[in-house]
Amino acid sequence: MNTTYERDLEAKGYIDEPVNPQLDLVEEINRLKKEKNAVILAHYYQDAEIQDIADYIGDSLGLSQEAAKTEADVIVFAGVHFMAETAKILSPQKRVLLPDLKAGCSLSDSCPPHLFAKFKEQYPDHLVITYVNCTAELKALSDIVCTSSNAVQIVESLPLTQKIIFGPDRNLGAYVKKKTGRDLVLWNGACMVHEIFSQEKIDDLREMYPDAKFIAHPECEDHILATADYVGSTSGMLKYTINDSSSTYIVATESGIIHQMQKASPHKKFIPAPPNNACACNDCPHMKLNTLEKLYNCLKYEAPEVTLPEEVIVRAQKPIERMLEISARLGL
Ligand code: 13P
Ligand code: SF4
């Protein structure tokens, strides 16, 4: 069974037309945005130039909240496919565009919906909480969606006797288990970017910068999180670096977030936590598929568009809305 992501890819491909190098892309994108009453939502992992042209930059929770309330006719999602799907589920009457349809997610891919449906059958009395980094089909199989900003609070909002399946991220799941003391049944999925950090190289950096704070995203492995001074979502990490008094931070998440950290605290130093390979950074290859050129073509041709079957939208809406309600109640 193909997911909507695979069907989108098969059906539409994407507009990869060469762009005239003389064009002022920022000016053109702003002009097209006005003309089409479009809004650009960008995740913190996007390239700096895309973040700088966006109307709203945020983490997965903030982006879903924004997608749910926007008055624009067209949403250009500078992020990955599951994020654009979430925007479509929350605003089905709007056109949702993704600059590159191939911008997928290794974590989402690690949980095929047909296998998860079989897994779920083994635990008929469990409630299903899924991390937003998954396909629309997986959300449709869930009771509540969560993000890394609210996963702990969502689990805590449920009665202690409630049995829970948590998927697809085993690392976020293990972190939530630890924080809440609850016994969650975990799906064995992971993100390729957050499982690549080298403990040894992080330790070396901490020796070199003894006053630096080490901050990490909960998609990282437990042994990395155990040594962190702060663990949180991208927006949580950003806030931490603004409010904390240290002058240096070693940052264990996708390196795109450093653009906002540096903008908010220009006098501080931010070092991307090194991966266990020869590469010096930790870019998400999916997030980085979007470019300013593709963003321009996407607005110009209003393609590629992310679409979903009505039946999937209806089923996936409930667990996302449940998350947004709990988050609003808790002021998240
Ligand atoms: P947040 O933006 O919710 O922290 O999630 C990070 C991520 O991996 C998105 O793909
Ligand atoms: Fe998916 Fe990981 Fe990239 Fe986030 S950083 S989009 S979880 S592959």
Side-chain angles (χ1 to χ4, degrees), residues 3 5 41-47 50-51 54 56-67 77-87 98-111 129-135 138-139 145-154 167-173 175-176 187-197 215-221 224-225 228 230-241 251-261 272-273 275 279 281-290 320 323-324 327 332:
T3 62
Y5 169 54
L41 308 183
H43 190 269
Y44 288 129
Y45 295 166
Q46 291 294 286
D47 277 337
I50 295 184
Q51 292 189 36
Y56 178 86
I57 318 156
D59 69 355
S60 308
L61 177 62
L63 289 164
S64 342
Q65 287 164 332
E66 211 52 37
F77 215 111
V80 291
H81 196 270
F82 77 79
M83 295 180 171
E85 278 188 339
T86 307
L98 183 66
D100 191 328
L101 271 185
K102 289 184 191 146
C105 168
S106 64
L107 176 53
S108 177
D109 292 346
S110 70
C111 193
I129 302 183
T130 50
Y131 186 34
V132 70
N133 298 33
C134 65
T135 58
L138 206 80
K139 291 182 177 80
V145 165
C146 72
T147 73
S148 52
S149 281
N150 57 24
V152 168
Q153 292 87 340
I154 284 184
D169 189 18
R170 60 179 174 232
N171 295 317
L172 177 64
Y175 173 73
V176 174
W187 177 266
N188 192 18
C191 156
M192 63 192 280
V193 178
H194 289 88
E195 284 209 330
I196 208 168
F197 296 112
I215 59 175
H217 193 279
E219 284 177 27
C220 296
E221 291 167 285
I224 299 280
L225 298 181
Y230 175 80
V231 175
S233 66
T234 47
S235 59
M237 292 168 94
L238 175 59
K239 272 186 216 133
Y240 180 82
T241 60
V251 183
T253 191
E254 213 273 357
S255 53
I257 184 71
I258 290 179
H259 180 57
Q260 292 304 320
M261 290 176 174
C279 190
C281 67
N282 28 58
D283 285 351
C284 169
H286 305 286
M287 285 278 182
K288 295 314 200 236
L289 279 176
N290 295 325
I320 303 175
M323 166 187 82
L324 293 176
S327 296
L332 300 169

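When a ligand or atom number is given, it counts from 1 through the structure's own listing order.
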Go through it in stages, so that I can follow the logic: the residues are Y44 and S235, the test is side chain to side chain donor-acceptor pair (under 3.5 Å), and I'd like the CA-CA distance, side-chain angles, deciding distance and then a yes or no. CA-CA 8 Å; Y44 288 129; S235 59; 5.5 Å; no
Atom 2 (Fe) of ligand 2 to nearest N/O/S of C191 below 2.8 Å: yes
Classify the contact between [X] and ligand 1 as side chain, backbone, both or neither, using a heavy-atom distance cut-off of under 4.0 Å.
{"X": "H43", "answer": "side chain"}
{"X": "Y45", "answer": "side chain"}
{"X": "V193", "answer": "neither"}

Quick check on side chain to side chain contact (heavy atoms under 4.5 Å, CB included): which of C284, S110, S106 does M192 satisfy it with? S106
For [X] and ligand 1, does the shortest N/O to N/O distance drop below 3.5 Å?
{"X": "D59", "result": "no"}
{"X": "E219", "result": "yes"}
{"X": "T147", "result": "no"}
{"X": "N133", "result": "yes"}

Does H43 reach ligand 2, in the sense of a heavy atom lying below 4.0 Å from it? no
Indicate whether the side chain of N133 and that of S108 have a donor and an acceptor atom separated by less than 3.5 Å. no
Would you call the rings of Y45 and H194 parallel, tilted or perpendicular if under 30° counts as parallel and over 60° as perpendicular? tilted
Please write down residue, atom name and distance for the protein heavy atom closest to [atom].
{"atom": "atom 3 (Fe) of ligand 2", "answer": "C284 SG, 2.4 Å"}
{"atom": "atom 1 (Fe) of ligand 2", "answer": "C105 SG, 2.4 Å"}
{"atom": "atom 5 (O) of ligand 1", "answer": "H217 NE2, 3.4 Å"}
{"atom": "atom 8 (S) of ligand 2", "answer": "S106 OG, 3.3 Å"}

For [X], take its heavy atoms, then give the atoms of ligand 1 lying under 4.0 Å from any of them.
{"X": "M83", "result": "9 (C), 10 (O)"}
{"X": "S233", "result": "4 (O)"}
{"X": "T234", "result": "1 (P), 2 (O), 4 (O)"}
{"X": "Y131", "result": "5 (O)"}

Approximate separation, where rounding is to 0.5 Å, of [X] [atom1] and [Y] [atom2]:
{"X": "L98", "Y": "M83", "atom1": "CG", "atom2": "CE", "answer": "10.5 Å"}
{"X": "I258", "Y": "N282", "atom1": "CD1", "atom2": "CG", "answer": "7.0 Å"}
{"X": "T130", "Y": "D169", "atom1": "OG1", "atom2": "CG", "answer": "12.0 Å"}

Any donor-acceptor pair under 3.5 Å from [X] side chain to [Y] backbone:
{"X": "Q46", "Y": "M287", "result": "yes"}
{"X": "N290", "Y": "A103", "result": "no"}
{"X": "Q51", "Y": "G256", "result": "yes"}

Out of V80, N133, T234, the nearest non-hydrogen contact to atom 7 (S) of ligand 2 is supplied by N133
Could you name the option among F82, Y45, Y131 that has the heavy atom nearest to atom 5 (S) of ligand 2? Y45
Tell me the closest heavy-atom pair linking A42 and L63, and the distance in Å. O-CD2, 3.6 Å
Does C191 have a non-hydrogen atom less than 4.0 Å from ligand 1? no
Given the options S60, S148, S149, S233 meets side chain to side chain donor-acceptor pair (under 3.5 Å) only with S149
